[in-house]
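Read through the structure below, which is laid out as structure tokens, and then see the notes.
These values consider heavy atoms only, across backbone and side chains, with no hydrogens, waters or symmetry-generated copies. All chains are named by letter (A, B, ...) in the order of the sequence lines, taking the proteins before the strands, and each is independently numbered beginning at 1.
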Number of protein chains: 2
Amino acid sequence: MKYTTPYMPPTLTVDAVIFQLVNNELNVLLLKRLNDPFKDTWALPGGYNAEGETTKAALSRIVNSKTGVDIDKDLTYVEQLFTFDTIDRDPRGHAVSVTYMGFARDISESISKENAALFPVNSLPDLAYDHASIIKYAHQRLASKLTYTNAMFAFLPPTFTLTELQLAYEAIIGRELDKRNFRKKFLSLEFLEETNEMRRDGAYRPAKLYRFKSQSLVALSRSFD
Amino acid sequence: MKYTTPYMPPTLTVDAVIFQLVNNELNVLLLKRLNDPFKDTWALPGGYNAEGETTKAALSRIVNSKTGVDIDKDLTYVEQLFTFDTIDRDPRGHAVSVTYMGFARDISESISKENAALFPVNSLPDLAYDHASIIKYAHQRLASKLTYTNAMFAFLPPTFTLTELQLAYEAIIGRELDKRNFRKKFLSLEFLEETNEMRRDGAYRPAKLYRFKSQSLVALSRSFD
DNA sequence: GCAAAAGTGTTTGGGATACACCCATGC
DNA sequence: GCATGGGTGTATCCCAAACACTTTTGC
């Protein structure tokens, strides 16, 4: 690429906030840095975006090589989050980071690097760069998204009980919900359909299993009038 | 900035979708390109983001130099929209564009370049690059934002009548609203306060003037339970 | 008095909230 | 029969939607 005037772009990086539920706690995938800056500090997986590579392709490449997780196969939903660009966010120099938020059912088997691990968002270690605020922003967006979309499909297994669904909601939005109201409301949204199966796994009444009608994002429209 | 491995970032650009109401039509600020590619075609104002410059600073610099509009003084609201990064969106080579959406009350006096002009979003000329889809995306986000925030403060003058408010809504969301329901609902949101003034400007009943309580964005929370 | 825009109220249906007990099962 | 989690219903309140006439003013 040629420029008519001298031009030097900032470094372009990508970072991923990958969420997964573990024992009804919202977890995020982190990587302990092997090099300076922030050597031995935990950070979001991310890296440099080369010319000729889309940000999502760079993300796939980097997350896969650094953690073993395959964005395309292991994640059930991905969306662009925000682009962070303050000058001093990277001590090495100006780096603009395009961040993504991804959801997964279970990436624990795919995590193949020793320095990659899942952490509960409510008890994160100290984080490198501005990554703590990026995670906070992503968590808010996720919680908001759950109120008007079927995004929870991306966290749950193909079939699940209504109690499991409710516990997943509570884990992410951080407060308890009323069982009867939750069921009434969620069923009325018509995101779910019943299966013919039941879950029986204890000395108590078996539970009906449900599934999401759609395995891709569906949003309810908010309208004004 | 040094890299431990050979590294070349894509070009980084910024583009602005600046909206303003003109005669109760939503308009967007465009610039007729003076050079190839897309010479003589209309496009969003934008340009190169240099190292050491935040995307918003680059936007201010570029929009001001190319159109005369001062982002900081002329716009009443600005937010980051999305980062577009497909490889072939710029025929000169891979350019990643961080886009912003801005709202203004009246920038017509500030537009000082011959090749800059406002166009109604419903009758846009052919546009360069992927700018038509960027404007469409921004318009949708704006319409959605109006349903749960006071964002309209950024388009209207400090005081206005309820009819003017309703016409502005209708212009942006693209359909008519019921006058009684609109007033009831909007007043119940408590974004507005009455002034003591009235507007009298014709052979008919004068209208009360209102103002927004806040001149910065306030969002209603959507909750699940 | 008439033209033009401002302003106003009621009914109805559906969703949000609050709240507590019975059901099915394994042991 | 008891412990455990699954499953359900009702009353109240508020908001959304539909819908048409009266008021104020300048001329």
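Closest approach to the A/R183 side chain among C/dT25, C/dT8, D/dG7 is made by D/dG7 (side chain taken as heavy atoms from C-beta onward). Of the candidate nucleotides C/dA16, D/dA20, C/dC19, D/dA20 has the atom lying nearest to any side-chain atom of B/R180. Comparing C/dT25, C/dC19, D/dT4 by their closest approach to the side chain of A/D178 singles out C/dC19. Of the candidates D/dT25, C/dA18, C/dG7, the closest approach to any side-chain atom of B/Y204 belongs to D/dT25.
In terms of position along DNA chain C, the nucleotide closest to B/A203 lies nearer the 5' end than the nucleotide closest to the other residue of the pair B/A203 and B/A207. Nearest-nucleotide mapping onto DNA chain C: of B/Y210 and A/R205, the residue sitting toward the 5' end is B/Y210.
Screening B/N64, B/D70, B/D74, B/T67 against B/S110 for a side chain to side chain donor-acceptor pair (under 3.5 Å) leaves a single residue, B/D74.
Residue B/K208 contributes atom NZ, which lies 12 Å from atom P of D/dT24 at whole-angstrom precision. Atom P of nucleotide D/dG9 and atom NZ of A/K185 are separated by 20 Å, given to the nearest angstrom. Straight-line distance from the CG atom of B/D201 to the P atom of D/dG26: 11 Å, rounded to whole Å. One atom, CZ of A/F160, and another, P of D/dG6, lie 14 Å apart when rounded to the nearest Å. Whole-Å rounding puts the B/F182 CZ to D/dC15 P distance at 17 Å. Between B/R200 atom CZ and D/dT24 atom P the separation is 13 Å, expressed in whole Å. Summarising the geometry, the separation between CG on A/N181 and C1' on C/dC19 is reported as 9 Å, rounded to the nearest angstrom.
Contact of B/K179 with C/dG7 (side chain to base): a donor-acceptor pair of N or O atoms is detected under 3.5 Å.
Using a 30° and 60° split on the angle between ring planes, B/F160 and B/F212 fall in the tilted class, from 30° to 60°.
Under the 4.0 Å criterion applied to side-chain N and carboxylate O atoms, B/E194 and B/R211 are not assigned as salt-bridge partners. With salt bridges taken as basic N to acidic carboxylate O contacts below 4.0 Å, none links A/K32 and A/E114.
Using a 4.0 Å heavy-atom cutoff across all strands shown, B/T163 reaches sugar-phosphate atoms only and no base atom. Note on A/K184: a base of the nucleic acid sits closer than 4.0 angstrom, heavy atoms only.
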